[in-house]
There are 2 protein chains.
Amino acid sequence: MSHWLKMIRTNPELVAYTEKLFQQGSHNIHEEAFGAKHKIMEQDHRYRKVYLIREGIAKCYISDENGKEFIQEFLGEGMEFGELEVFSNKLTICSVESITPLKVFSVSHDGFHQLLKTDPHFNMLILKALADKIRYKAPRHSYQHAYPIEDNILRLKKLFPELTEVIPKKDIANYIGVTTRSLNRALKELKEKSGA
Amino acid sequence: MSHWLKMIRTNPELVAYTEKLFQQGSHNIHEEAFGAKHKIMEQDHRYRKVYLIREGIAKCYISDENGKEFIQEFLGEGMEFGELEVFSNKLTICSVESITPLKVFSVSHDGFHQLLKTDPHFNMLILKALADKIRYKAPRHSYQHAYPIEDNILRLKKLFPELTEVIPKKDIANYIGVTTRSLNRALKELKEKSGA
DNA sequence: TAACCAGTGGGACAAATGTCCTTTTTAAAA
DNA sequence: TTTTAAAAAGGACATTTGTCCCACTGGTTA
């Protein structure tokens, strides 16, 4: 009933297996690194690579015409991005930006197709990863709509107390889908309640 | 910039190919039918089948403790449901209920695995279908948050004018993520604006 | 026909959230 | 240390949305 709330998503199995392929010398897989706050992908652009996070945290978000950001996911170890465009050959829908410094694997679209076709285990891991992304998103938005901000924060803090030390307030607000002002208000009220 | 707004989702390629497999006598694939307003899957239960819609419309939704429904997708021809649990072997997160009478294909989990392993084209279609579900959901929720109800309705009506004749108001409201009252209010204001 | 129910539409008020702007705090740079 | 910029916190007010009602309609059933 609450596992989905895990805020920074991971996929240990996928990163472990990719690591193994890499160590075996698969020339489809390359290493890259980015500093903090680096914009790796930009919404509505075309890319020909799939990334997989080995270390660090990134945010995946959509921004509208007014510059408002809405965060889709916080990506941790083992999470991939840029993979959706392998199948549809369309433009990216999300921007991805590193929060902490990042170490990633990168695989070209062709290399990714190659792996999917020739490696059944890899194929299954990707299917599972996609399915998990869907499963994860479903309850999140419905919950955020159905409950007031306070409840949302409470749950987040319970599962991830170090939250505010790693992720800036603005990003948390954009994740919940409210303004910073509203987030602060809710936090203050929570403090007063627990203090009294 | 607006294709995603298509409210009732379809996947012609997938249904065509499945139809073909069925006609060729694949014993993994079976036919089933349901009347309108029939609850086919219920949240938090376990199922061992994947369904694919040949004809009709269904809604896929999550409901919370208070009975509030939040609609994830309206499923049309070619959309599958119950497929996420093939990979994770967990309980269903969504309930699925037919809106109109439904004709579907059903495939057991084992049969589905079979097809994924032995039929590369089927495998690719499923990968694509999963990727599309993710792509579709991302902008939808961010949009609904960022813009007032009115704007959301306007877009829906523009893309799908016959909307209110096929889908009950309550479902539309649950899809947008607001109460029926708010939906009505917005509709009224729109009417007044266009009238003046 | 009468009774009933689900779906629809809306009034009045309460609560939640956003907007705008200012102050405080923190952390980095000079 | 001082200076500066960015992040965080919050006051005051406007707007949006929700809650709780009640009224109206059409179709079904006793």
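Naming convention: chains lettered A, B, ... in sequence-line order (proteins, then strands); numbering from 1 in each chain.
- As a whole-Å value, the separation of B:Leu183 CG from D:dT17 P is 11 Å.
- In the set C:dT17, D:dG18, D:dA12, D:dG18 carries the atom at the smallest distance from any side-chain atom of B:Val178.
- A:Asn184 places its CG atom 15 Å from the P atom of C:dT19, with the value rounded to the nearest Å.
- A:Ile153 and A:Ile172 fall within a single hydrophobic cluster, where Ile, Leu, Val, Met, Phe, Trp and Tyr side chains are chained together by heavy-atom contacts under 4.5 Å.
- The phosphate of C:dG18 (OP1 or OP2) has a side-chain N or O of A:Thr179 nearer than 4.0 angstrom.
- Counting to the nearest Å, the P atom of D:dT15 and the CZ atom of A:Arg185 are 15 Å from each other.
- At C:dG11, one or more side-chain N or O atoms of B:Lys188 fall inside 4.0 Å of OP1 or OP2 (strictly under the cut-off).
- We find that CG of B:Asn174 is positioned 16 Å from P of D:dT17, with the value rounded to whole Å.
- Clustering ILVMFWY residues whenever any of their side-chain heavy atoms sit less than 4.5 angstrom apart, transitively, puts B:Met124 in the very cluster that holds A:Phe122.
- B:Ile149 comes within 4.0 angstrom of the backbone, heavy atoms only, and of no base.
- One can place NZ of A:Lys170 at 14 Å from P of C:dG18, the figure rounded to the nearest angstrom.
- D:dT15 atom P lies 13 Å from atom CD of B:Glu189, rounded to whole Å.
- Per the geometry, CZ belonging to B:Arg181 stands 8 Å off P belonging to C:dG10, to the nearest Å.
- Nearest to the side chain of B:Ser182, among D:dT19, D:dT17, C:dG18, sits D:dT17.
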Does the salt bridge (charged side-chain N to carboxylate O under 4.0 Å, His left out) test come out yes or no for A:Glu85 and B:Arg135, once each step is laid out? CA-CA 9 Å; A:Glu85 289 68 31; B:Arg135 283 182 67 90; 3.0 Å; yes

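- Side-chain atoms of A:Asn123 and B:Asn123 include a donor-acceptor pair closer than 3.5 Å.
- Side-chain N/O atoms of A:Lys169 include none lying less than 4.0 angstrom from OP1 or OP2 on C:dT26.
- Side-chain proximity of B:Lys37 to C:dG7, D:dA7, D:dT17: nearest is C:dG7.
- When the side chains of ILVMFWY residues are joined at heavy-atom separations under 4.5 Å, either directly or via intervening members, A:Ile71 and A:Ile99 end up in a single hydrophobic cluster.
- Between the OH atom of A:Tyr147 and the C1' atom of D:dT19 there is a distance of 17 Å, given to the nearest Å.
- Closest approach to the A:Pro168 side chain among D:dG18, D:dA12, D:dA8 is made by D:dA8 (side chain taken as heavy atoms from C-beta onward).
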